[in-house]
Number of protein chains: 2
Amino acid sequence: MSRSRPYHHGDLRAALLESAERTLREKGVASLSLRELARETGVSHAAPGRHFKDKRALLDALALAGYDRLARALEGADDPSLPLQPRLTALARVYLAFAAENAELLALMYARKHEPGAAEQMAAGVDRTVGVFDRVIADAQRRGEIVEADPERLTLFTGAALHGIAGFTVGGILDPAEALGMTDDLIHHLLHGLRPR
Amino acid sequence: MSRSRPYHHGDLRAALLESAERTLREKGVASLSLRELARETGVSHAAPGRHFKDKRALLDALALAGYDRLARALEGADDPSLPLQPRLTALARVYLAFAAENAELLALMYARKHEPGAAEQMAAGVDRTVGVFDRVIADAQRRGEIVEADPERLTLFTGAALHGIAGFTVGGILDPAEALGMTDDLIHHLLHGLRPR
DNA sequence: ACCTGAACACCGTTCAAGT
DNA sequence: ACCTGAACACCGTTCAAGT
């Protein structure tokens, strides 16, 4: 955008990714074609092959960028000085908002098939996202706010609750706004359980 | 299988569905093509069009059959005479086992894009599956085994926890066997919460 | 270094025509 | 009623050739 009509195209890679993410958001993965992407970007249909070995390589790049944005958002919203419940609620809100705004992208991020080379990077993205919750659980356990069980398992369970709700919104079973509206309740039930006290 | 080389093909519709599900399981949705399905079934590439208006119509039929099997399995495993915890644990085990054995199919079942006409049938499938958990929650609440909150929300939360874990296994983040192995723990944490008592 | 054009092997879908 | 064959408009990927 800064330069007017740069030589050859300028940063085709970035342009393709940007266009791809818009298509993903507006029309879904199913109607994401490299050829149409090339058309939209005003470049020959073979040009994307220069920057992405594969269609999947492009999708992987998209997913990786998604992890970066999600992790950044979670890290930015984490306030370690807060008590467990409000701290976790804030993070849950960020996660569910991300899921609502990036449903198709999230599905891509959690997809099982990735380019062999991208697998480690993808795992790193997962780890970074999970890491935020790891710290919350660890801190809470240190402060005695949480039960003395395997912290890894507690993180997994917390993540599952969030991921499950997000999955319902992605699948259209639950309205995204509704999901966001029950965040407080969700975290409450997560912490206090379904059994009466 | 009962008749030898029936006229024209016999039950092409069923044969296509069967072949499609095997391909889905072995190679994933991405490599599921109507033309190859036709080839495998020994029929012209246009023949599937007689039984499925669309590729998506075939995928929808697959998803619908999936809901039927899942709901049947859950209903068959539900023992209303059991106390809440073992009752829920048994159901969770069935769900996670189904997810482990039918990862790709489950993804299809929870996909957001369905043929307009199939949407209601799909919703019915969801309702039947959710219904099992609805009854468990309602019974438990009647017996005072569960907190007096909105039962619909409690069901949703229970479903989210399960669906989240299943999603992790589908996405390859969690080993299916491992997921199954932590069913007891999962239900324990769900019922008792993360907070110390 | 980066892109194009042509070519190849695949798709899904439609539709006249066959049995 | 059910299926075929040809046709159409699309794909992803590769590769010589251009700039």
Side-chain angles (χ1 to χ4, degrees), chain A residues 2-24 26-63 104 108 111 113-118, chain B residues 2-24 26-63 104 108 111 113-118:
Chain A
S2 55
R3 310 180 127 264
S4 56
R5 301 263 187 172
Y7 177 61
H8 261 195
H9 178 273
D11 196 354
L12 180 56
R13 197 191 134 91
L16 287 170
L17 281 175
E18 196 180 334
S19 181
E21 216 204 307
R22 202 180 51 246
T23 305
L24 186 66
E26 290 170 6
K27 305 192 208 164
V29 226
S31 42
L32 184 68
S33 107
L34 290 181
R35 283 180 108 110
E36 186 162 342
L37 235 47
R39 254 177 262 128
E40 277 179 20
T41 321
V43 96
S44 96
H45 66 259
R50 282 287 126 188
H51 298 93
F52 301 99
K53 152 180 176 294
D54 235 19
K55 185 178 182 180
R56 209 155 67 183
L58 183 141
L59 296 180
D60 285 351
L62 236 36
E104 291 271 356
L108 221 60
K113 291 291 179 197
H114 295 294
E115 206 78 15
Chain B
S2 54
R3 308 181 128 265
S4 57
R5 300 260 185 176
Y7 176 62
H8 262 194
H9 178 272
D11 197 353
L12 181 55
R13 197 192 133 92
L16 287 170
L17 281 175
E18 197 180 333
S19 181
E21 214 203 308
R22 202 179 52 245
T23 305
L24 186 67
E26 289 170 5
K27 305 192 207 164
V29 227
S31 42
L32 184 69
S33 106
L34 290 181
R35 283 179 108 111
E36 186 161 343
L37 234 46
R39 253 176 263 131
E40 277 180 20
T41 321
V43 96
S44 94
H45 65 260
R50 280 289 124 188
H51 298 93
F52 302 99
K53 151 180 177 293
D54 235 18
K55 186 178 182 180
R56 210 154 67 183
L58 183 142
L59 296 180
D60 285 351
L62 236 35
E104 290 271 356
L108 221 61
K113 292 291 178 196
H114 294 295
E115 207 79 15

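All figures in this text were calculated on a predicted structure; none of them were measured in a lab. Below, chain A is the first sequence line, B the second, and so on; all start at residue 1.
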Original post:
Can you tell me how far the CG atom of A:Leu24 sits from the CG atom of A:Leu17, to the nearest 0.5 Å?
Top reply: 11.5 Å
Subject >> Separation of atom CG in B:Leu34 from atom P in C:dG12, rounded to whole Å >> reply: 5 Å
Original post:
Hey, is A:Lys27 close enough to A:Glu36 for a salt bridge, meaning N to O under 4.0 Å?
Top reply: yes
Original post:
What integer distance in Å separates B:Leu58:CG from C:dG12:C1'?
Top reply: 13 Å
**OP:** Take the protein atom CZ of A:Arg13 and the nucleotide atom P of C:dA1, then report the distance between them rounded to whole Å.
**Re:** 18 Å
Original post:
Within less than 4.0 Å of OP1 or OP2 of D:dC3, is there a side-chain N or O belonging to B:His51?
Top reply: yes
Original post:
Can we say B:Glu115 and B:Lys55 salt-bridge, meaning some charged N sits less than 4.0 Å from an Asp/Glu carboxylate O?
Top reply: no
Original post:
What is the distance from CZ of B:Phe52 to P of C:dC11, rounded to the nearest Å?
Top reply: 18 Å
**OP:** Nearest-nucleotide wise, let me know which of A:Ala46 and A:Glu36 is further upstream toward the 5' end of DNA chain D.
**Re:** A:Glu36
Original post:
For the residue pair B:Pro48 and B:Val43, what are the closest heavy atoms and their distance?
Top reply: CD-CG1, 4.4 Å
Original post:
Of the candidate nucleotides C:dT4, D:dC3, D:dT13, which contains the atom at the shortest distance from the side chain of A:Ser44?
Top reply: C:dT4
Subject >> B:Leu32 CG to C:dC11 P, straight-line distance once rounded to whole Å >> reply: 11 Å
Original post:
Are the side chain of A:Thr23 and the backbone of A:Ser19 linked by a donor-acceptor contact shorter than 3.5 Å?
Top reply: yes
Original post:
Counting just side-chain N and O atoms, does A:Ser33 come under 4.0 Å of either OP1 or OP2 of D:dG12?
Top reply: yes
Original post:
So does B:Arg39 get a side-chain nitrogen or oxygen closer than 4.0 Å to the phosphate oxygens (OP1/OP2) of C:dC11?
Top reply: yes
Subject >> Side-chain N or O of A:Arg35 closer than 4.0 Å to phosphate OP1/OP2 of D:dA9 >> reply: no
Original post:
Quick one: B:Arg56 CZ to C:dC11 C1', roughly how many Å, whole number?
Top reply: 17 Å
**OP:** Look through every strand shown and name the nucleotide pairing with C:dC10 as Watson-Crick or G-U wobble, where both distances are under 3.5 Å.
**Re:** none
Subject >> Residue B:Arg50, side-chain atoms from C-beta onward, closest of D:dG12, D:dC2, C:dT13 >> reply: D:dC2
Original post:
NZ of A:Lys53 versus C1' of D:dC15: gap in Å, rounded?
Top reply: 17 Å
**OP:** In whole angstrom, give the distance that lies between atom NE2 of B:His45 and atom P of C:dG12.
**Re:** 10 Å
Original post:
Applying a 3.5 Å limit to both distances, which nucleotide forms a Watson-Crick or G-U wobble pair with C:dC15?
Top reply: D:dG5
